Amino acid sequence: MENLEHRTEVVLLACGSFNPITYMHLRLFELAKDYMNATGEYNVIKGIISPVGDAYKKKGLISAHHRVVMAELAIQTSKWLEVDTWESLHKDWVETAKVLSYHQQRLAAKSSDYSPQASPSPVLPGGKRKRNGDGQDLSEKKPSAPQKKRPPQLKLLCGADFLESFGVPNLWKLEDITTIVENYGLVCITRTGNNAEKFIYESDILWKHRNNIHLVNEWITNDISSTKIRRALRRGQSIRYLVPEPVQQYIEKHSLYSSESEDRNAGCIIAPLLKARQ
């Protein structure tokens, strides 16, 4: 097996509505992991799905509880993906930069707690400790000082539409965009025909930190979207093979999506734009 010690460990974080989660969302993680690992510089060790809270007020956004449960059902067979509820449980909307900061602090805390286990000195028959040539009991050696493990790099996983949302007036604070691309970085899944490179070129902030933006081309295109899933459900059409089967069963059991649910938050201004007006 290839020695990965020299590689930088990476954790991928995806924020979004996941309304509902689809195979497209799961594919983003797989594509990003393959790309990052193939560079020879990184080792992706974990992916985190962070559904947005109800306070985001996006039209048609069902309760965070249901979206979190569906995400957990979608990844129940994955060995490296997990769902985090911190963002979804907040009463108020949480900016993406703050979500990244929270998870980076958690990763740093876990790394600081790491210390290698001291090897016990060999025990000879009769319970005696092995001694060195000078007759010194090896168990008397002072344990090595705990070593802090370098925390993994946290990177925001997104699609090209998320990247281009940086250009929507008042949707993002410039300082948040700078924080995201400078302190964390992006892994952006794009497709042939997308203008991600052009968008980065035309943005001074993104261009300055372009080396921290990884563009991953999706050659096997996947056009599934949560919007299309909800539309099919409203029309009584099958969504089988578009979402994981446990997710489909959960949606059917709780009758989650309908014309009524799509009108939820109708007329509301989404939280980022509302905050910009205040």
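Remember, predicted model here, so these are calculated numbers, not experimental data.
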Residue pair Pro152 / Ser111, side-chain heavy-atom distance below 4.5 Å: yes
Considering non-hydrogen atoms only, spot the tightest contact between Pro244 and Ala74 and give its length. CG-CB, 3.8 Å
Just verifying a value: how many Å separate Ile239 CD1 and Arg231 CZ, rounded to the nearest 0.5 Å? 14.0 Å
Quick check for you: to the nearest 0.5 Å, what is the distance between Leu73 atom CG and Glu245 atom CD? 11.5 Å
Looking at Glu262 and Arg230, does any basic side-chain N land under 4.0 Å from a carboxylate oxygen? yes
Between Leu61 and Lys57, is there a side-chain heavy-atom distance shorter than 4.5 Å? no
Classify the ring geometry of His66 against His254: parallel below 30°, tilted from 30° to 60°, perpendicular beyond 60°. tilted
Apply side-chain hydrogen bond (donor to acceptor under 3.5 Å, both in side chains) to Asn212 and Tyr184, showing your working. CA-CA 8 Å; Asn212 210 18; Tyr184 305 100; over 6 Å; no
Should Trp86 and Val83 be regarded as members of a common hydrophobic cluster, given that ILVMFWY residues are connected when their side-chain heavy atoms come within less than 4.5 Å of each other, either directly or indirectly? no
Decide yes or no on side chain to side chain contact (heavy atoms under 4.5 Å, CB included) for Met36 and Lys155, but give the supporting numbers first. CA-CA 11 Å; Met36 296 297 283; Lys155 295 191 177 295; 3.9 Å; yes
Before giving the answer on side chain to side chain contact (heavy atoms under 4.5 Å, CB included), spell out for Leu242 and Tyr23 the whole-Å C-alpha distance, their side-chain angles and the decisive distance to 0.1 Å. CA-CA 6 Å; Leu242 298 177; Tyr23 277 128; 5.6 Å; no
Side-chain (Ser78) to main-chain (Trp80) donor-acceptor, under 3.5 angstrom: yes
Is the shortest distance from a Lys or Arg side-chain nitrogen in Lys98 or Glu95 to a carboxylate oxygen in the other one below 4.0 Å? yes
For Gln76 and Pro246 the tightest heavy-atom approach is NE2-CG, 3.2 Å
How long is the span from the NZ atom in Lys59 to the CG atom in Asn19, to the nearest 0.5 Å? 11.0 Å
Could you please spell out the steps behind the side-chain hydrogen bond (donor to acceptor under 3.5 Å, both in side chains) verdict for Glu252 and Gln248? CA-CA 6 Å; Glu252 293 173 351; Gln248 177 192 349; 3.0 Å; yes
Is it true that a side-chain atom of Asn265 and a backbone atom of Gly60 form a donor plus acceptor pair closer than 3.5 Å? no
Is there a path of hydrophobic side-chain contacts, each under 4.5 Å between heavy atoms of I/L/V/M/F/W/Y residues, joining Val10 to Val181? no
Salt bridge Lys228-Asp223, side-chain N to carboxylate O under 4.0 Å: yes
Distance col, row Leu157:CG vs His214:NE2, nearest 0.5 angstrom, shows 12.0 Å
Look up atom CZ in Phe29 and atom CE in Met24, then write down how far apart they are to the nearest 0.5 Å. 11.0 Å
Is there a path from Ile229 to Tyr257 through hydrophobic residues (I, L, V, M, F, W, Y) whose side chains come within less than 4.5 Å of each other? yes
Are Val216 and Thr190 packed together at the side-chain level, in the sense that at least one heavy-atom pair is separated by less than 4.5 angstrom? no
Going by atom type alone, with no hydrogens or angles, which donor-acceptor pairs under 3.5 Å involve a side-chain atom of residues 42-53 and a protein atom two or more places apart or on another chain?
residue, atom, partner, partner atom, Å
Ser50, OG, Glu87, OE1, 2.6

Within a radius of less than 6.0 Å around NZ of Lys173, do more than 12 heavy atoms belonging to other residues, nucleotides or ligands occur? yes
What is the minimum heavy-atom distance between Met70 and Ile21, and which atoms define it? O-CG2, 3.7 Å
Asn217 side chain near Tyr35 side chain, heavy-atom distance below 4.5 Å: no
Hydrophobic clustering (ILVMFWY, side-chain heavy atoms < 4.5 Å, transitive) - are Leu174 and Leu163 grouped together? yes
The side chain to side chain donor-acceptor pair (under 3.5 Å) partners of Glu260 (sequence neighbours excluded) come to Ser258
With no hydrogens and no angle check, is any side-chain donor or acceptor of Arg67 less than 3.5 Å from a backbone partner on Ile62? yes
Is the closest side-chain heavy-atom distance between Gln104 and Asn183 below 4.5 Å? no
Does the side chain of Pro151 reach to within under 4.5 Å of the side chain of Lys110, using non-hydrogen atoms? no
Are there more than 12 heavy atoms of other residues, nucleotides or ligands under 6.0 Å from atom NZ of Lys208? no
Run the side chain to side chain contact (heavy atoms under 4.5 Å, CB included) check on Glu202 and Lys198 step by step: do they pass? CA-CA 6 Å; Glu202 293 177 348; Lys198 182 172 183 275; 2.9 Å; yes
Among the clusters formed by ILVMFWY side chains lying less than 4.5 Å apart, do Val187 and Val99 turn up in the same one? no
Considering all heavy atoms of both residues, which atom of Cys15 and which atom of Phe18 are nearest to each other, and what is their separation? C-CE1, 3.9 Å
Give a yes or no on whether the backbone of Ile200 and the side-chain of Ser203 come within a donor-acceptor separation of less than 3.5 Å. no
Any side-chain heavy-atom pair from His25 and Pro20 closer than 4.5 angstrom? no
Any side-chain heavy atom of Leu81 within less than 4.5 Å of one from Leu26? yes
Considering all heavy atoms, the nearest Ile270-Lys58 contact: CG2-CA, 3.9 Å
Run Asn37 and Arg7 through side chain to side chain contact (heavy atoms under 4.5 Å, CB included) and show every step you take. CA-CA 9 Å; Asn37 288 349; Arg7 295 193 180 200; 4.1 Å; yes
Distance under 6.0 Å and angle within 45° of ring axis: Lys275 vs Trp93: no
Residues Asp84 and Tyr102: side-chain donor-acceptor under 3.5 angstrom: no
CZ-CG distance between Arg235 and Leu233, expressed to the nearest 0.5 angstrom: 11.5 Å
Distance-only, no hydrogens or angles: does the Asp176 side chain make a donor-acceptor pair with backbone N or O of Ala97 under 3.5 Å? no
Would you find a donor on one side and an acceptor on the other, under 3.5 Å apart, between the side chain of Arg234 and the backbone of Ser261? no
Identify, with sequence neighbours excluded, every residue that meets ring-ring contact (aromatic ring centres under 6.0 Å, His included) alongside Phe166. Phe162, Trp172
